[in-house]
There are 2 protein chains.
Amino acid sequence: MSLAHALMTSLLEKSSSGYDLARRFDKSIGYFWHATHQQIYRELARMEASGWIASDLAPDGGKTRKRVYRVLDAGRQEVVRWAQEPTPPMDMRDDLMVKLRADAALGAHSPLSLDTEIERRLQLHRTKLVAYRAIEARDFPAGQPLSREATIQHMILKTGIMYEQGWARWCEDALRTLHTLSPEASESPAAPASTHTSQTPGAPDDRDRLSLAPEP
Amino acid sequence: MSLAHALMTSLLEKSSSGYDLARRFDKSIGYFWHATHQQIYRELARMEASGWIASDLAPDGGKTRKRVYRVLDAGRQEVVRWAQEPTPPMDMRDDLMVKLRADAALGAHSPLSLDTEIERRLQLHRTKLVAYRAIEARDFPAGQPLSREATIQHMILKTGIMYEQGWARWCEDALRTLHTLSPEASESPAAPASTHTSQTPGAPDDRDRLSLAPEP
DNA sequence: AAGTACATGTAATCTGTTACATGATTCC
DNA sequence: GGAATCATGTAACAGATTACATGTACTT
């Protein structure tokens, strides 16, 4: 979550202005985590107020308003502190999961045609995958011994590859499953035409499929 | 993002009060997407104002303040509309990625000991994986023909399994990589003791490893 | 009688998004 | 000279997080 720490990490790699930082962020960490220039400027101002970073005017003789930020020692220490505190893994929070659940809840009557959306997403994931693989081939040629820094960066890149590949495979799988489902849409032995999901009141049917309660 | 739609989906599956919804959400969709009771109450109020849902007092004769929400037709239509509009895949935005980059940027001098954190995360992912697999065995026994609804729910569950498995594998891999790295921490051919990352000013070294710029 | 779980909220704060504003510089 | 892009910001709002508040019902 902490954008400040992500920005400082980027500044540790290279001191730069807000604008440059925004561009660099977009092209590196931003592939995992997008931030607008607004957030970045606001956060830079705050971090400077906290004494984590400092800025100098660009060495272009005042031609531009550019201000170059660098990480101070307090900032460096803060990054170290933060890096060592445990953080929970992110939720996957993907709309597609909810849409699938909605599709299941609404039943075969309402054709949500999620396959179009999944197809679209498949293309997105494949595109990213190709891009990542190109970087891998360019920056981490096989067989070469890598420095500590490069090894870690390669690790990060491989995470992106794993992620996109996982989703691409998932999309393919989902499409297959949906296609086996749609032809016999109205032939399945589903409950006939109960438009509303409301149970008979008083019946405490709390046993959802997919709920994570261990057997009582 | 749209929490409202996620909540309506849950209400479509079963009408319930804010409190119950919060609990159910936590145990189903919440495994992918956490929401606090605050968000839920606020959102319920808004959705009622929009005419998407309506509430009745619980059929317990006013003993409790419980209000049971159900989805109205306008809400149902809104879910359908939303389900068909394209949504971008979520960022992965995982702090671990940034921490790894920080580790690389700070160099081998500062021992961030990320392996402890990764170990911890590995346990979390394994725990979830076990839980998901238990549900799978309970609710989707192999070989049984499933209804349309159950098939979709199984799909969602398999996504969770894929996700946790992917991260668990990643953690194992990362630990191995880090362990090959740490013994010879100071023997690698790294740049010697340049405490600051700042380049000689004027040298526009914009060629970050791991940046996604296609060859110029 | 005291404590836990139920049930619903207000308020403050922080993070994220969108729109608008402004002036300088570089490219054509 | 006009357009694009560089570079920095203000303002307003929407969404999420955390802390606090309040009262009832069930349990021991």
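At distances below 3.5 Å, at least one donor-acceptor pair connects side-chain atoms of A:E48 with backbone N or O atoms of A:S55. In this structure, the side chain of A:R24 engages the main chain of A:S10 through a donor-acceptor pair within 3.5 Å.
Applying the 4.0 Å criterion to OP1 and OP2 of C:dT15, one finds that A:Q39 has every side-chain N and O outside that range. Residue B:Y19 places none of its side-chain N or O atoms closer than 4.0 Å to OP1 or OP2 of C:dT8. For A:S17 and D:dT8, the shortest distance from a side-chain N or O to OP1 or OP2 is below 4.0 Å. Under 4.0 angstrom from either OP1 or OP2 of D:dG9 there lies at least one side-chain N or O belonging to A:R67.
The separation between B:R23 atom CZ and C:dC6 atom C1' is 9 Å, rounded to whole Å. The CZ atom of B:R24 sits 15 Å away from the P atom of C:dC6 (whole-angstrom rounding). As a whole-Å value, the separation of A:M90 CE from C:dT15 C1' is 12 Å. A straight line from CZ of A:R65 to C1' of C:dT22 spans 7 Å, rounded to a whole angstrom. As a whole-Å value, the separation of A:K66 NZ from D:dT5 P is 16 Å. Spacing between atom CG of A:D95 and atom P of D:dG15 amounts to 13 Å, rounded to whole angstrom units. Across the protein-nucleic acid pair, A:D91 atom CG and D:dA16 atom P stand 12 Å apart, rounded to whole Å. Following rounding to the nearest Å, B:L3 (CG) and C:dT15 (C1') show an atom-to-atom distance of 16 Å.
Considering only the side chain of A:R46, C:dT15 comes nearest among D:dG15, C:dT15, D:dC6.
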Could I get a table of every N or O pair under 3.5 Å where one atom is in the protein and the other is in nucleotides 10-12 of chain C?
| from | atom 1 | to | atom 2 | distance (Å) |
| --- | --- | --- | --- | --- |
| C:dT10 | O4 | B:Q38 | OE1 | 2.7 |
| C:dT10 | O4 | B:Q38 | NE2 | 2.8 |

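Remark: A:T116 pairs with A:S113 by the side-chain contact (heavy atoms from CB on, under 4.5 Å) rule, at least two apart or across chains. Residues meeting the salt bridge (charged side-chain N to carboxylate O under 4.0 Å, His left out) test with A:D91, sequence neighbours left out: none. Not counting sequence neighbours, A:A45 has no partner by the side-chain contact (heavy atoms from CB on, under 4.5 Å) test. A:R126 meets the salt bridge (charged side-chain N to carboxylate O under 4.0 Å, His left out) test with A:E172; sequence neighbours excluded.
Comment: A:R23 does not engage A:D26 in a salt bridge, judged by the lack of any side-chain N to carboxylate O separation of less than 4.0 angstrom.
Between atom CG of residue A:D56 and atom OH of residue A:Y69 there is a gap of 10.5 Å, rounded to the nearest 0.5 Å.
Side-chain contact of A:H125 with A:Q165: a donor-acceptor pair under 3.5 Å is absent, judged by distance alone.
Taking five base pairs at each end of the helix from C:dA1-D:dT28 to C:dC28-D:dG1 and finding the rotation axis that steps the C1' atoms of four pairs onto the next four gives two axes whose angle is 20°, to the nearest 10°.
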